[in-house]
*Asks:* 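Got a structure here, written out as structure tokens. Questions coming.
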Amino acid sequence: MLMNYNSFAVMMNLLGAILLVSIASVANALTKNDFPSHFLFGASTSAYQVEGAADEDGRKPSIWDTFAHAGNGGLYKGDGDIACDQYHKYKDDVKLMAQMGLDAYRFSISWSRLFPDGKGPINPKGLEYYNNLINELASQGIQAHVTLYHWDLPQALEDEYGGWINRRVIKDFTAYADVCFREFGDRVKHWTTVNEGNVCSIGGYDAGFLPPQRCSSSSVSNCSKGNSSTEPYLVTHHMLLAHASAARLYRTKYKAKQRGFIGFNLLVFGFVPLTNTSEDIIAAQRARDFYIGWFLNPFIFGVYPDSMKKNVGSRLPYFTIKESNLVKGSIDFLGINFYYALYIKNNPKSLQKKDRDYTADMAVELKSYTGNDTTKDEVPVIPWILEGLLQSLKNDYGDFPIYIHENGQQTRRNSSLDDWSRVKCMHEYIGSLLDMLRNGLNIKGYFVWSFLDVFELLGGYEASYGLYYIDLKDPTLTRQPKLSSVWYSNFLNNRTIDSKIFMKIEENSSISNTPLMHTAT
Ligand SMILES: *[C@@H]1O[C@H](CO)[C@@H](O)[C@H](O)[C@H]1NC(C)=O
Ligand SMILES: *[C@@H]1O[C@H](CO)[C@@H](O)[C@H](O)[C@H]1NC(C)=O
Ligand SMILES: *[C@@H]1O[C@H](CO)[C@@H](O)[C@H](O)[C@H]1NC(C)=O
Ligand SMILES: *[C@@H]1O[C@H](CO)[C@@H](O)[C@H](O)[C@H]1NC(C)=O
Ligand SMILES: *[C@@H]1O[C@H](CO)[C@@H](O)[C@H](O)[C@H]1NC(C)=O
Ligand SMILES: *[C@@H]1O[C@H](CO)[C@@H](O)[C@H](O)[C@H]1NC(C)=O
Ligand SMILES: *[C@@H]1O[C@H](CO)[C@@H](O)[C@H](O)[C@H]1NC(C)=O
């Protein structure tokens with residue numbers, strides 16, 4: 001574009017005006033005070049992504065250590081050997097959380113830190129670490145919301161019997177959960193058995209781009225073993241039974257005394273029909289069945305969705321009456337992670353494929369939905385789509401409690417500390433939560449992903465979602481506050497926000513903004 005100096009100056013003034021408008025819109029009076037007092041605000045991480053100390057104090061590898069050390073399937077570089085070193089810095093991190101004003105911290109326990117071989121003797125140093133972390137949180141009045149499985153199966157169990165594809169995992173998971181309830185349940189009241197169970201099955205056993213990288217040769221990845229026609233369904237079946245078995249144990253052995261809650265977590269999308277033809281509307285419903293109903297129908301009704309039974313046929317495992325009763329009613333809440341929406345187009349042709357996998361069984365074409373105003377790196381900010389999804393789940397499954405376990409904005413790891421796009425995202429979602437509560441949705445809490453810039457499981461150290469930046473070349477791994485941490489802290493402390501703070505931070509912007517190669521989808 002040709003531009004003379006004058007029009008350039010006009011444009012800069014315009015940009016200045018736009019900047020002021022956006023400051024005004026995020027610096028308005030929204031504070032935690034506007035929310036019911038029992039509504040929780042927190043931030044999230046997971047063990048392999050923050051702890052580091054991968055080889056320390058008796059911890060043994062999980063399938064994620066193995067995958068990362070083998071090069072992450074070539075998607076990106078890096079591993080969680082050191083990550084944020086939270087294993088050694090947890091006291092400082094909890095101090096930051098307290099200063100920020102978090103009600104709750106969502107983190108996960110590394111199964112292979114507590115049980116290096118997945119079962120057998122407890123590692124006393126692992127036990128000590130989680131006791132220390134939980135005590136530190138309790139001393140600051142911060143609730144611990146604990147995930148038992150955030151994709152990091154002990155490698156020993158993968159080697160011994162194939163991990164989640166084998167029913168034996170149900171017993172080992174239940175024994176692991178038992179110890180967690182027994183040792184930590186006096187202080188931990190919110191347990192999530194599995195994080196993003198759906199992505200675990202699809203990424204690890206259908207597409208094969210996540211560990212343990214099992215898929216058929218017809219799939220998108222090169223896997224040395226696996227069967228995308230059957231294993232995703234088998235793995236989900238075992239996950240549902242492992243969850244239900246742990247939930248039953250909690251309810252019979254611990255609940256009366258500990259008074260806690262057990263939930264399960266899914267990555268959920270908005271499902272937007274590409275056109276308003278009835279084919280695409282039905283296809284969008286089917287996509288919701290495959291991604292969400294796959295788990296939620298068993299949890300609420302004790303059976304898989306009809307659309308899955310129809311399209312998957314005999315490859316879909318069945319529940320015995322006893323199992324169905326065990327799974328039905330086994331969640332006290334659903335944790336959801338929300339970032340994206342998908343356009344859905346009906347695609348019946350995929351049902352004619354010879355080697356059908358999960359994706360072919362769904363019989364839809366997926367296209368990512370890019371809201372109004374996003375750049376390539378950013379996730380679209382689409383709170384109205386989240387609300388639509390939650391209302392549809394409430395209509396179809398009833399009124400159970402929901403925690404938003406993850407939501408946030410992606411930037412390049414090295415981009416500016418002035419993470420405006422993240423502030424805008426949090427402001428819009430948190431503002432919309434107020435409407436969602438008024439409109440009768442049973443949402444109990446909101447956790448930002450992520451507290452720190454972590455080792456991203458889908459983007460390594462190139463992608464970032466954190467409220468704090470960590471320069472990986474800095475030997476002290478100092479946590480540097482981003483604008484988003486200032487905004488969240490003001491919000492949580494009921495301070496209406498002085499726009500001068502934003503101006504000042506804006507002045508200090510230094511790190512350049514280059515486009516991200518691998519977005520965390
Ligand atoms: C902010 O407001 C909420 C809701 O009224 C209240 O529970 C909380 O204690 C307040 N926080 C601070 C730091 O004043
Ligand atoms: C996957 O398993 C099914 C059922 O056992 C079998 O019919 C099919 O041939 C297997 N596919 C591959 C690619 O191994
Ligand atoms: C799979 O492996 C083949 C042969 O080594 C290679 O040519 C191909 O590029 C690989 N595909 C992917 C998606 O990695
Ligand atoms: C949706 O359907 C209405 C009629 O019900 C039609 O007027 C409109 O053009 C359709 N829109 C799209 C995007 O297909
Ligand atoms: C743009 O944003 C408005 C809400 O501000 C929403 O209603 C509309 O659907 C959005 N458009 C797209 C394409 O997402
Ligand atoms: C971040 O920036 C530093 C210094 O500019 C550079 O050396 C490093 O490779 C960058 N890291 C990533 C993940 O882009
Ligand atoms: C901006 O940078 C200066 C110099 O490093 C520092 O003293 C100041 O605290 C920074 N301001 C903000 C708001 O981060």
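Predicted model, so just to flag it, every value in this text is computed and none were measured. We count ligands from 1, going down the list as the structure has it; atoms in each ligand are counted the same way.
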*Asks:* For atom 9 (O) of ligand 1, is the nearest protein heavy atom closer than 4.0 Å?
*Replies:* no

*Asks:* May I ask you to say whether Asp103 pairs ionically with Lys32, meaning some side-chain N is under 4.0 Å from a carboxylate O?
*Replies:* yes

*Asks:* Hey, what do you get for CE (Met100) to CG (Asp93), rounding to the nearest 0.5 Å?
*Replies:*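 Taking CE in Met100 and CG in Asp93, the distance rounds to 11.0 Å.
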
*Asks:* Is there a heavy atom in Asp355 that sits closer than 4.0 Å to ligand 2?
*Replies:* no

*Asks:* Tell me whether the centres of the aromatic rings in Phe41 and Phe35 are closer together than 6.0 Å.
*Replies:*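 Aromatic pair counts; centres sit under 6.0 Å.
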
*Asks:* Nearest to atom 5 (O) of ligand 1, what protein heavy atom do you find, and at what distance?
*Replies:*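 That would be Asn33 OD1, 2.7 Å.
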
*Asks:* Below 4.0 angstrom from a heavy atom of Asn493, which ligand 1 atoms are there? Numbered from 1 as shown, please.
*Replies:*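 Answer, ordered by atom number: 13 (C).
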
*Asks:* Could you see which bit of Asn494 sits under 4.0 Å from ligand 1, with heavy atoms only: side chain, backbone, both or neither?
*Replies:* side chain

*Asks:* Tell me, please, which residues at least two apart from Ala283 pass side chain to side chain contact (heavy atoms under 4.5 Å, CB included).
*Replies:*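 By the side chain to side chain contact (heavy atoms under 4.5 Å, CB included) rule, Ala283 matches Arg286, Ile344, Asn346, Val364.
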
*Asks:* Are the side chains of Val423 and Tyr488 in touch, meaning some heavy atoms are under 4.5 Å apart?
*Replies:*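 No; the side chains remain at least 4.5 Å from each other.
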
*Asks:* Could you tell me the residue and atom name of the protein heavy atom closest to atom 7 (O) of ligand 1, and the distance to it rounded to 0.1 Å?
*Replies:* Ser37 CB, 4.2 Å

